[in-house]
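Input: a single structure, listed below in C-alpha cells.
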Protein chains: 2
Amino acid sequence: MSRRRVTLADVAQASGVSSTTASLVLSGRGAELRISEGVQQRVRETSEALGYRPNIVSIGLRKGSSRTLGFVSDTVATSQLAGDMIKGALAAAREHGFMLFIGETEGDTKVERKLLDAMLDRQVDGIILASMFTRRRRLPSGLDHVPAVLLNALPQGSHVTIPTVVPDEHAAGREAARLLLDHGHRTIHLIGAGPGPDDVTPGTVAGRERLAGILEVLHEAGLEPASAHVCADWLPSYGFDAARDIIAAGGAAGAGGAAGGAGTAIISFNDRLAFGAYQALHEAGLTVPDDMSIVSFDDHPLADWLRPGLTTFAIPHHDLGRRAVELLLEGIAAPAGAADQAPAAVHRLPMPLRERDSVRTVRATADGVGTAAGVPAG
Amino acid sequence: MSRRRVTLADVAQASGVSSTTASLVLSGRGAELRISEGVQQRVRETSEALGYRPNIVSIGLRKGSSRTLGFVSDTVATSQLAGDMIKGALAAAREHGFMLFIGETEGDTKVERKLLDAMLDRQVDGIILASMFTRRRRLPSGLDHVPAVLLNALPQGSHVTIPTVVPDEHAAGREAARLLLDHGHRTIHLIGAGPGPDDVTPGTVAGRERLAGILEVLHEAGLEPASAHVCADWLPSYGFDAARDIIAAGGAAGAGGAAGGAGTAIISFNDRLAFGAYQALHEAGLTVPDDMSIVSFDDHPLADWLRPGLTTFAIPHHDLGRRAVELLLEGIAAPAGAADQAPAAVHRLPMPLRERDSVRTVRATADGVGTAAGVPAG
DNA sequence: ACGGGGTGCTAAATCGGGTTAGCACTGCTA
DNA sequence: TAGCAGTGCTAACCCGATTTAGCACCCCGT
C-alpha cells in the first residue's frame, strides 16, 4: 500500500494545464480541438513520467460502460473439458481490451440470479451464459437490458432473439460414421445411444444430434447399427459394461485374432465411455484397432494418453469461447435496438477430427458392402 | 436494450425526499442520523417497488473499492487440475460478496503485466497470483499498492512479505511412504524423481518436497528406494517407460504371480505417470495391486477411472483457492500498513489421501524389515 | 419575545474522469 | 477602431453514489 494513484488532475497540474486539456490530449482529441503541439507534447510527457493510467471505473461511470463482460456458467471447473472454453473467451476478451468476470452457478438458479445481479451491478457490458454440456435452458430475466450470448446452450423457447454458439454435433456424427465407412467398416456398434433416434440419455442435446448424424449416414449406406447401448451416464464404467456386452455377443471381429474382411468398429459417444471400452477390450485380450476400431467424441486429454491414441472429434472449446465473446462484442458495438432486429443466429462450430490410432482400414469385402449387421468375421 | 436502470435519485424523487436521505436510509444509517420511521419506511418501500439496486461502480469511485478481486494465473485452463482452484476461489469470493476477474498469462510476463494493469485500472481490491504447478516466482511490480496473495507459488526472494498458499507436499511425501510401509511394503520404486534428494525434474517444487518427505520416512525405516526414475516430464509415456524398466529389472514382486512376502510397490510422483505405469504393468501381464502396489499424488479425475482405482494424495485445489481468497480478504480488511508488519506466512494445506484399490497389504517378513532394497520376491 | 436545544432533513462537496459551451486573445479587414 | 474570424484553452456540468456540514423548524423555559 502506499501513495495514491496518479490521476488526470495530477497530470494536468504538473503540466500546468486544465484537466480538460489533459483529458483532450490523452484521449487523442487534442488536434481536433486545437490544442497546440507544444502543450500536447508536454502533457504526454508528464503523463508518461508520472505513470498515469486512467481510472476505468470513473470512465465507466461517465460512459455507462465498463469494458467488462460477465461469464456465467453452470459448472466450468467440474468438467475437465471446460477450461478451454473460458480460455478462448479470455483470450478474445483480452484482445479487445475487455476483462471477464467469471461466475459459477453449479446449476442453482438462485446462485445464477445473484451472480447476474452482481455482474449487472458492476455495469458489465454484456453477459455470456455458458453451459458445460450442450443443453436447452430457459433465459433468466434481466438480460433484456444487456447484450447476451448463449454458449454451448440453446434457448428454451423458439422465438428468443439471442445469439447462440454450439458445436456442430450433427455434422460430427455424420463424419464419424463416414470415417468408419471410408475405412471399410460395415459392422458398427454404438456405445452411448441408439439404435433409434430417440434412444438417448435424457437431456443431452449432443447425444441426440450426434446420433442423428450417425444414423443418417448409416442409413444412406443401407446400414443399421450392429448394436447400440444407451448409457445412464457417459462415464468409463458404463463404456466398460457396454463393450463387454458387445464382446460377449461375439461382436468383436475374430475375437482374439486380427481378422480381415468386413471390419468391426465402435462409435463411442464420448471419450470417457471409450476409455471404459478400451479397458473391457484389453481385459478380453482384444486389441485396438486390430480387433476393434473405435472412434469417439470430445477429444478429452485422455484420448491422447490412451494406447493406442483414440481417434476422436474434438469439441472446439477454445473456438466456442472465443466466438461467444466476439458475438457479444458485436452485439455491444451494434446500436441499441439493432439487436432486436438482427437474426439471433445459432452458430454451429465444426468439430475437428483428431486422427490417432484407434481406427484401422479394412479390406472391403464384396458381401460386406451393403450388408447390415452381424457379419461374423471369425 | 431498454429503459435506464433505477438510480438512487429516482428512488429519492419517488419518495419525495432528497437523495441524501434515501442514501442514508438504504445504507442503514437512517436511525443514526435521525430520519423518521415514516420516511424510512416510505423510502424502503419505493426502493423495493422500483427494484432499485445500487450501482457498485459509483460506490467504487467514491469509496475507492470495487468489491472485486483479480485472479491471475499462468495456465488455469490447460491443466485439468486447475479448475477446482478457481472454483474454490469463486465460491469464497461469492460468499463475501466479491466478484473475480480471471486472467491467464500463459507464462508470458508481458501478458501478465497487461492483465495486472487492466485489473488495477478497474480498481480491484486485491490480487491473487496463481500458478498451476507449485513453483518459485518473482513478484511483478505494482503489487505494493494493493493487497496480494500467492497461490500455489512461492516468492523468489526470502524477505518478501506476501502471504502464500501451497499444498503440503512434504507431509504428503511422508504419508505416501508411511502408507506403503504400514502395508508391509519394503521394496519401493520411485517414478518421477530420486534416488538422491536433488534428483528432481528442474523447477518443480512439488517433486523436490514430495521426494524429501518420502526419503525421510524411508531413511527412518532404514530403507533406500529400490530404484528411482527421474522423468523429463510427468506424462503417461514417461511413467510407462519407467515402469517397463522396473519390470525388466525384475522389480515386480514375483513377476507373473501374486507372491506374498516383502511387498513391492511404486510411488509415482503424479497420477499421469501412474497411468503410464498401469499400462506398462498391464502389457507385462502384471496386476495392480497383487503384483505391484502403486500410490501417487494429485488425485487427477483419471485416478478414479483407472481399474483398480488409484490410491493417491489429492492436491486440495478447492481449498487452496478458497484459502487464498480468504487470506486476501483479511489483507484487504486489515488497516493499510498493517500488512507490512504481519508475518507473511506460508500456509501449507494438507493433501488428503484418496484411498482406492491400488495398494494391498502384504505380510511383513522378518528379514524384510530393515532390509534396504532388492529383496527378490520371485 | 428571545435564546437554547433537539429533531428531521438537505445542499453541496467529493470520487476521476468526459463533454459542452464559451471565454480571452490575436490579427486582419473595413 | 469596431467587427469578425480564428486560435488555444478552460469553467462548469455530468455520471451515481457517499458524506459532511448545517439549515429550518418546533418546543420549552424565562
Side-chain angles (χ1 to χ4, degrees), chain A residues 3-44 46-47 50-68 120-125 145, chain B residues 3-44 46-47 50-68 120-125 145:
Chain A
R3 76 189 172 293
R4 208 171 41 84
R5 262 176 86 107
V6 177
T7 70
L8 181 65
D10 297 333
V11 175
Q13 195 180 356
S15 316
V17 299
S18 72
S19 56
T20 304
T21 304
S23 169
L24 257 22
V25 171
L26 295 177
S27 62
R29 309 214 304 138
E32 178 190 338
L33 275 154
R34 308 184 309 253
I35 307 295
S36 68
E37 194 42 58
V39 168
Q40 295 219 36
Q41 182 118 6
R42 191 145 40 90
V43 169
R44 274 194 278 265
T46 44
S47 164
L50 265 46
Y52 169 69
R53 309 208 93 236
N55 182 334
I56 298 201
V57 171
S58 169
I59 297 178
L61 179 58
R62 184 70 228 270
K63 302 224 211 171
S65 86
S66 55
R67 300 193 74 72
T68 295
L120 261 15
D121 289 351
R122 286 170 177 79
Q123 305 286 97
V124 292
D125 296 331
H145 305 329
Chain B
R3 76 186 176 292
R4 209 172 41 83
R5 261 176 85 106
V6 177
T7 70
L8 182 63
D10 296 333
V11 175
Q13 195 180 358
S15 316
V17 299
S18 73
S19 57
T20 305
T21 304
S23 170
L24 257 23
V25 171
L26 295 178
S27 62
R29 310 212 303 135
E32 179 190 338
L33 275 154
R34 307 183 311 250
I35 307 294
S36 68
E37 194 42 56
V39 169
Q40 294 218 38
Q41 182 117 7
R42 189 145 41 90
V43 169
R44 273 194 279 265
T46 43
S47 163
L50 266 47
Y52 169 69
R53 307 209 92 235
N55 181 333
I56 296 202
V57 171
S58 170
I59 297 178
L61 178 58
R62 185 70 227 272
K63 301 223 213 173
S65 86
S66 54
R67 299 192 75 73
T68 294
L120 261 15
D121 290 350
R122 285 170 176 77
Q123 305 286 94
V124 292
D125 296 333
H145 305 330

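Keep in mind that the numbers below use all heavy atoms, side chains included, and drop hydrogens, waters and symmetry copies. Being a predicted model, the structure only gives us computed values, none of them experimental.
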**Report entry** Presence of Tyr52(A) side-chain N/O under 4.0 Å of dG16(C) phosphate oxygens OP1/OP2
**Finding:** no
Query - Spacing of Arg67(B) atom CZ relative to dA17(D) atom P, expressed in whole Å - result: 16 Å
Requested in this report: Grab the CZ-C1' distance between Arg62(A) and dC14(D) for me, whole Å please.
Outcome: 4 Å
Report task. Could you state the atom-to-atom distance from CG of Leu33(A) to C1' of dT20(C) in whole Å? Result -> 10 Å
Query - Candidates dG8(D), dG16(C), dC9(C) - which lies nearest the side chain of Ser36(A) - result: dG8(D)
Report task. May I ask you to say what Leu8(B) touches in the nucleic acid, namely base, sugar-phosphate or nothing, with a heavy-atom cut-off under 4.0 Å? Result -> base
Query - Spacing of Leu24(A) atom CG relative to dA11(D) atom C1', expressed in whole Å - result: 13 Å
**Report entry** Separation of dC15(D) C1' from Asp10(B) CG (nearest whole Å)
**Finding:** 13 Å
Query - Given DNA chain C, 5'-ward residue of the pair Lys63(B) and Ser18(B), judged by closest heavy atom - result: Ser18(B)
Query - dG17(C) phosphate, OP1 or OP2, under 4.0 Å from Ser58(A) side-chain N/O - result: no
Query raised in the report: Does OP1 or OP2 of dT10(C) have a side-chain N or O of Thr21(B) closer than 4.0 Å?
Result: yes
Report summary line: From the candidates dA17(D), dA11(D), dG8(C), the one with an atom nearest any side-chain atom of Thr20(A) is dA11(D)
Report summary line: Per-helix bend value, the helix from dA1(C)-dT30(D) to dA30(C)-dT1(D), C1' rotation axes over five pairs per end, 10° rounding, shows 100°
Query raised in the report: When rounded to the nearest 0.5 angstrom, what is the spacing between OG in Ser66(B) and CD1 in Ile59(B)?
Result: 11.5 Å
Report summary line: The complete set of side-chain hydrogen bond (donor to acceptor under 3.5 Å, both in side chains) pairs with one or both residues in residues 10-24 of chain B, sequence neighbours excluded, reads Arg4(B)-Asp10(B), Thr7(B)-Asp10(B), Ser15(B)-Thr46(B), Ser18(B)-Thr21(B)
Report summary line: The answer to which of Thr7(B) and Ser19(A) contacts DNA chain D further toward the 5' end, by nearest nucleotide, is Ser19(A)
Query raised in the report: Is it true that Arg67(B) and Asp121(A) have a side-chain N and a carboxylate O under 4.0 angstrom from each other?
Result: no
Query raised in the report: Taking only N and O in the side chain of Ser23(A), is any of them less than 4.0 Å away from OP1 or OP2 of dG17(C)?
Result: no
**Report entry** Protein-nucleotide distance (Gln123(B), atom CD; dG17(C), atom P), rounded to Å
**Finding:** 9 Å
